[in-house]
Amino acid sequence: MFQVPKIMNINDNIFKNGFAASMDANQIELLSKDIPSPNIDPFEPNHFYGNSHVLKFFSGVDVNQPVERIMPHGVNLGRQPWDIEEGYKIDTILCHSKIQARDYKSDKTILPIGAPYYYASRAINNYCSSVLPRANGVIVFPAHSTDHLKAVYQEEDWFSALNQVRSFYDITICLYWKDVQLGRHKKYLDLGYSVTTCGHILDPLFLYRLAWLLKQQQHAFVNKLGSSAYYSAAEGLEISFFNQQVTFDGPENFKSELSDCFDAPHAIDFFTSFSLFGNAKKQLQLKTAHEALGGAYLKSPDQLAKILTEDIPADYQEQRKTESGSTQSGPTLSSNVLDAMDRL
């Protein structure tokens, strides 16, 4: 297992395990086990993928300090934000970019600060760049399941495509926690692939592991467009797409949380990039990711600390109101909030 140098000293060195590009079945299963929510921030989904932890650590805010902000947990591929984010009683949304901000219809304060992934990536650059191996190979992100829905696609075609890629590149398969719980890692291991995971959705190290993995790769390969493709492009990887139908099996009430609508302009641009080649493809993907993830809105540690803990300064505010000017009401979170999450 890779261990982050002790110079990081991040909250009793919690960055001490789970950083490996190739794991055995026991390691993968251990990282993918269900873990309880930290229940620190009032808006529970802030803890998805360690978003809240990443922003607090980067800014120097105590990771155990509750933050009354809403943090979108992924990239919106459609124009419809998550209704729980808009309807929750907290007044400020820390979105990724102005592109994402425009999709919110509530009268909350919408503040672009850049995606939490960027801040995790900065942390890895600051503390681990000297021990990262040279970027090489392909990281693969299969379409992933959610807490109650299983991603379904023609596996024979998928593994045939992977075998072709394998003929030219070293491959690392990065599996989502739920697919590990479904046992999908076993076939990849049996076929001799290097397999890893970023951990459970509530693991505070999720984004750090992802950044550490992406910095070791030159290409990414996906069969469904999602946040992982954007994060890969943000690191300068070239993303290739295997076009196949992906559906989801499970209770109908959970399927309503999934969107097959990819009408966000940046999603259309990303799909366009898959038809290009060479530098043109890579540059369009990098530009698209930079705009969607808010690379132009990143804050310094001091700025971010103030945004997390103090009243929002007037010069940072980005208001988005409904036509009526009234606050939209919406559902509140329940104890099983995971039922309606990880759509991306």
Side-chain angles (χ1 to χ4, degrees), residues 1-5 8 10 14-25 27-32 48-51 53-54 57 73-75 115-144 162 165-166 169-180 184-185 188-189 192-240 282 285-286 289 293 342 344:
M1 281 288 199
F2 170 80
Q3 294 192 0
V4 176
M8 293 191 81
I10 301 176
I14 61 170
F15 287 75
K16 60 185 178 181
N17 59 47
F19 286 77
S22 183
M23 303 178 181
D24 61 29
Q27 293 169 327
I28 297 169
E29 292 165 10
L30 180 63
L31 280 177
S32 301
F48 293 169
Y49 309 115
N51 284 341
H53 186 286
V54 167
F57 167 69
H73 63 277
V75 179
Y117 176 82
Y118 277 127
Y119 296 96
S121 178
R122 282 178 170 186
I124 295 297
N125 285 342
N126 290 341
Y127 296 104
C128 301
S129 59
S130 63
V131 295
L132 283 170
R134 179 176 174 271
N136 184 43
V138 178
I139 188 164
V140 176
F141 296 101
H144 72 71
L162 289 183
V165 176
R166 195 182 197 180
Y169 298 98
D170 293 330
I171 287 183
T172 298
I173 310 293
C174 187
L175 289 177
Y176 197 61
W177 63 277
K178 188 61 180 181
D179 291 301
V180 173
R184 286 181 151 172
H185 59 300
Y188 291 100
L189 290 170
Y193 286 102
S194 295
V195 183
T196 189
T197 182
C198 294
H200 190 268
I201 189 173
L202 293 172
D203 191 325
L205 300 183
F206 189 103
L207 288 180
Y208 296 104
R209 291 194 187 100
L210 179 58
W212 185 81
L213 287 166
L214 291 179
K215 291 176 189 297
Q216 300 175 55
Q217 309 296 328
Q218 290 180 319
H219 305 272
F221 190 58
V222 302
N223 60 344
K224 186 177 187 297
L225 185 62
S227 296
S228 59
Y230 286 80
Y231 300 149
S232 300
E235 294 288 357
L237 279 66
E238 180 180 320
I239 297 88
S240 296
K282 188 173 180 178
Q285 291 176 345
L286 180 61
L293 297 176
D342 63 9
L344 298 174

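Start at 1 with the first residue, then count along the sequence. Just so you know, these numbers use all the heavy atoms, side chains as well, and skip hydrogens, waters and symmetry mates.
- Closest approach of I173 to P142, counting heavy atoms only: CG2-CG, 4.2 Å.
- No side-chain heavy atom of I239 sits under 4.5 Å from any side-chain heavy atom of F141.
- Across every non-hydrogen atom of S194 and I171, the tightest pair is CB-O, 3.7 Å.
- The shortest side-chain heavy-atom distance between S121 and K215 falls under the 4.5 Å cut-off.
- To the nearest 0.5 Å, the span separating CD on Q218 from CD1 on I139 amounts to 13.0 Å.
- Within 6.0 Å of CG in D170 there are 12 or fewer heavy atoms belonging to other residues, nucleotides or ligands.
- Of all non-hydrogen atoms in H73 and Y49, the two that sit nearest each other are O-CD1, 3.6 Å.
- How far OG of S22 is from CD of Q27: 8.5 Å, rounded to the nearest 0.5 Å.
- Of all heavy-atom pairs spanning L189 and M23, the tightest one is CD2-O, 3.8 Å.
- Within the model, atoms OG of S232 and OH of Y117 stand 7.0 Å from one another, a figure rounded to the nearest 0.5 Å.
- The structure places OH of Y208 at 5.5 Å from CZ of F57, a figure rounded to the nearest 0.5 Å.
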Item to complete: For side chain to side chain contact (heavy atoms under 4.5 Å, CB included), just list the numbers for Y231 and L237, CA-CA rounded to whole Å, side-chain angles, deciding distance to a tenth of an Å, and then say yes or no.
Response: CA-CA 9 Å; Y231 300 149; L237 279 66; over 6 Å; no

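- A donor-acceptor pair shorter than 3.5 Å cannot be found between the side chains of Y169 and Q217.
- In this structure the side chain of R209 never reaches within 4.5 angstrom of the side chain of T196, judged on heavy atoms.
- Nearest heavy-atom pair across Q216 and A21 is OE1-CB, 4.5 Å.
- No side-chain heavy atom of F19 sits less than 4.5 Å from a side-chain heavy atom of L213.
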Item to complete: Apply the test side chain to side chain contact (heavy atoms under 4.5 Å, CB included) to residues Y193 and V140: give CA-CA distance (whole Å), side-chain angles for both, the deciding distance (0.1 Å), then the verdict.
Response: CA-CA 11 Å; Y193 286 102; V140 176; over 6 Å; no

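- Relative ring orientation between F206 and Y176 is described as perpendicular, the plane-to-plane angle rising above 60° on a 0-90° scale split at 30° and 60°.
- With rounding to the nearest 0.5 angstrom, the CG atom of D179 is 11.0 Å from the NE2 atom of H185.
- Side chains of K178 and I201 form no contact here, defined as non-hydrogen atoms less than 4.5 Å apart.
- Taking each heavy atom of T197 and L175 in turn, the nearest pair found is OG1-O, 2.8 Å.
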Discussion item. Using side chain to side chain contact (heavy atoms under 4.5 Å, CB included), reason through L207 and Y119 one step at a time and then give a plain yes or no.
Written reply: CA-CA 9 Å; L207 288 180; Y119 296 96; over 6 Å; no

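- In this structure, OH in Y188 is found 11.0 Å from SG in C174, a value given to the nearest 0.5 Å.
- At a threshold of 4.5 Å between non-hydrogen side-chain atoms, the residues L202 and F48 count as touching.
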